[in-house]
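Numbered from 1 within each chain, the chains take letters A, B, ... in sequence-line order.
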Amino acid sequence: MAVGEHPDSKRRAPGAPTLRQVFEAEVAFVFRALRRLGVPENDLEDAAQDVFVVVHRKLAEFEEGTPIRSWLFGIARRVAAARRRRGHARHEVSTNDVEPNVAGANHEPELEARALLERALSKLDAAKREVFVLYELEGLPMQDVALAVGCPLQTAYSRLHAARALVRGELAPLLQRKSS
Amino acid sequence: MSMHRSASDVPRWLQPDSDASAELRSLVRDASVLPDDGARIARLRSRLGPWLLTGAPVDAPAGDVLDAQQAGGSVPPAVSAGAVAPKVMMALIGASLAVSAAVAWPRLTTSSAPAAVSAPAAIVAPASTSAGTGGSAVAPELGDASPSGDHAVSPSGLERTPAAPSLRKEAKAASASPERGDSLTEQAALLSQARQRLDASPTEALRLLTEHARRFPNSTLSEERRLFTIQALAQSRRLDDAKRELELLERSSPASPHLPRARRLVAAKEALP
């Protein structure tokens, strides 16, 4: 795995992390990432455990200087994809089935916003969704994003732009309804 | 959330200098607030607790998930959520090899899922008696045991136990009737010794596995014992016995994460001239 050059890339990479160190420092990120990758709430714990089982196995191969979150996200996306293939998502309430009640919202705004964004993200393919999530929501430097999803930097930018356009397109009518 | 930004990064929608409208920025900001995972994290920490305590990175062999990762592939579809516990246990067996038997196990392992018990005396029967169709690896009582859905029937036919309980159920059962930690540590050491001898000395491995079956007939680690037994029998070219053990594993633990590996082991030996 190549090492990112951005200063932030190295900040999160301890020299020789132990499983415990990785867990304590990044477990919250792992949960967020899995959730952003579409893992249903009911499956989050098991999916997170899968991630750390793999982390445990792969720690010896972790190269110092690799952005830890890029590395973890790479594991999380494979775990999430495998669970999707195995049908773990059967408990998931499809966001397509939920027509967000924006006008008469009696939920907290965060819940409504998450439902709206999730609905838009569900229209993206995995490659675009991952880049969008890592860059826009997790705030990773684009170099780390490219590393996490295993694509060239320019490809990551292209995916971001495409994802933005699609998300905008999905959200525009909803935002209009909201403002009216 | 902190935003890391390099010179080449385009402004994020959450940043005021981005091209996102105020409404869009507001929505993304609200959507960035995720539920508090504190309780989930605490439960996961508890599940992984003993493992986390081992500290240093360990080169631990484990189930098929880990095989796939090692090969650079993705996680195979066969491992169910309910199979996570054995997966962790297999990793722990590997961990115990590397960091000695000081690993504390109890919270990750329980006595709630005893798989069918191997027939200890039969496993180590000389190959001569098991050649042909007779096969000594199967306890006579099991001849009548039919597949039982999500229940496993023990060789004695006296107890019916869940074959693949969920990890959460196991965790609850663990607090109710945990196997003693020292027992589990001992079991892990025994199984690890057997595992180390699988290739070079399968007969000795079988002896250790038989000892495990005799001393811990209803062990939480029965599935792992059966996997190693299949491997040892296959390695000894006792293919009929290996297949019979595989059938027992399939019957007693149809959701076992070890089944794919066990099948591969037997198939690989069968393919040999």
Side-chain angles (χ1 to χ4, degrees), chain A residues 6-8 11 16-20 23-24 27-28 31-32 35-36 41 43-46 48-50 52-54 56-60 62 75 78-79 81-83 85-86 88 109-110 112-114 116-118 135-144 153 157 160 164 168 171 175 178-179, chain B residues 1-6 8-10 12-14 20-21 23-24 26-35 37 40-41 43-45 47-48 51-63 65-66 68-70 73-81 84 87-88 91 94-95 166-168:
Chain A
H6 189 272
D8 288 325
R11 201 187 59 183
T18 64
L19 179 66
R20 185 174 198 168
F23 181 89
E24 296 301 340
V27 64
F31 271 91
R32 284 203 308 275
R35 187 182 268 113
R36 299 290 195 199
E41 295 284 320
D43 289 341
L44 278 175
E45 262 177 76
D46 285 344
Q49 176 162 317
D50 283 355
F52 282 102
V53 167
V54 176
H56 176 72
R57 182 68 178 85
K58 304 277 277 183
L59 259 182
F62 181 83
I75 294 171
R78 287 194 291 273
V79 166
R83 296 182 76 84
R85 283 198 303 274
R86 297 200 303 266
H88 283 285
E110 290 83 2
E112 288 292 337
R114 264 171 46 214
L116 287 170
L117 185 62
E118 175 56 36
Y135 190 75
E136 296 288 1
L137 305 179
E138 284 298 330
L140 260 61
M142 194 54 106
Q143 272 185 318
D144 292 7
L153 186 60
Y157 275 116
L160 175 69
R164 279 181 163 185
R168 262 203 177 95
L171 290 178
L175 288 172
K178 193 175 181 181
S179 60
Chain B
M1 171 178 26
S2 62
M3 288 286 171
H4 314 302
R5 186 171 164 185
S6 68
S8 60
D9 283 354
V10 298
R12 292 174 172 81
W13 276 355
L14 284 174
S21 67
E23 292 82 8
L24 184 57
S26 170
L27 186 145
V28 173
R29 185 183 302 115
D30 285 346
S32 300
V33 180
L34 291 179
D37 287 315
R40 284 192 171 99
I41 290 170
R43 282 195 298 270
L44 183 57
R45 185 183 286 111
R47 280 193 203 176
L48 297 174
W51 213 11
L52 297 172
L53 288 176
T54 63
V58 177
D59 187 22
V65 165
L66 307 187
Q69 287 301 318
Q70 191 173 27
S74 59
V75 181
V79 183
S80 68
V84 169
K87 219 165 56 189
V88 171
S166 76
L167 196 58
R168 287 187 185 84

Engineer: Examine whether an atom of Arg32(A) lies under 4.5 Å from a heavy atom of chain B, and if so say whether it belongs to the side chain, the backbone or both; otherwise answer neither.
Structural biologist: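 Both backbone and side chain.
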
Engineer: Looking at CZ of Arg114(A) and CG of Asp30(B), how far apart are the two atoms once the value is rounded to the nearest 0.5 Å?
Structural biologist: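 So the CZ of Arg114(A) and the CG of Asp30(B) are separated by 11.0 Å.
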
Engineer: I'd like to know whether Glu136(A) forms a salt bridge (Lys or Arg N to Asp or Glu O under 4.0 Å) with Arg36(A), so could you lay out the CA-CA distance, the side-chain angles of the two residues, the decisive distance to 0.1 Å, and finally the verdict.
Structural biologist: CA-CA 11 Å; Glu136(A) 296 288 1; Arg36(A) 299 290 195 199; over 6 Å; no

Engineer: Quick one: what part of Arg164(A) sits under 4.5 Å from any heavy atom of chain B, side chain, backbone, both or neither?
Structural biologist: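 Backbone plus side chain of Arg164(A), per the 4.5 Å heavy-atom cut-off to chain B.
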
Engineer: For Ala28(A), is it the side chain, the backbone, both or neither that has a heavy atom under 4.5 Å from a heavy atom of chain B?
Structural biologist: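 Both backbone and side chain of Ala28(A) come within 4.5 Å of chain B.
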
Engineer: Are Glu23(B) and Leu27(B) close enough, and set up right, to give a side chain to side chain contact (heavy atoms under 4.5 Å, CB included), and what steps lead you there?
Structural biologist: CA-CA 6 Å; Glu23(B) 292 82 8; Leu27(B) 186 145; over 6 Å; no

Engineer: For chain A, which candidate among Leu44(B), Val33(B), Val28(B) shows the most heavy-atom pairs at distances under 4.5 Å?
Structural biologist: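 Answer, by heavy-atom pair count under 4.5 Å with chain A: Leu44(B).
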
Engineer: Evaluate Asp46(A) against Arg47(B) for salt bridge (Lys or Arg N to Asp or Glu O under 4.0 Å), listing each step before the verdict.
Structural biologist: CA-CA 10 Å; Asp46(A) 285 344; Arg47(B) 280 193 203 176; 3.1 Å; yes

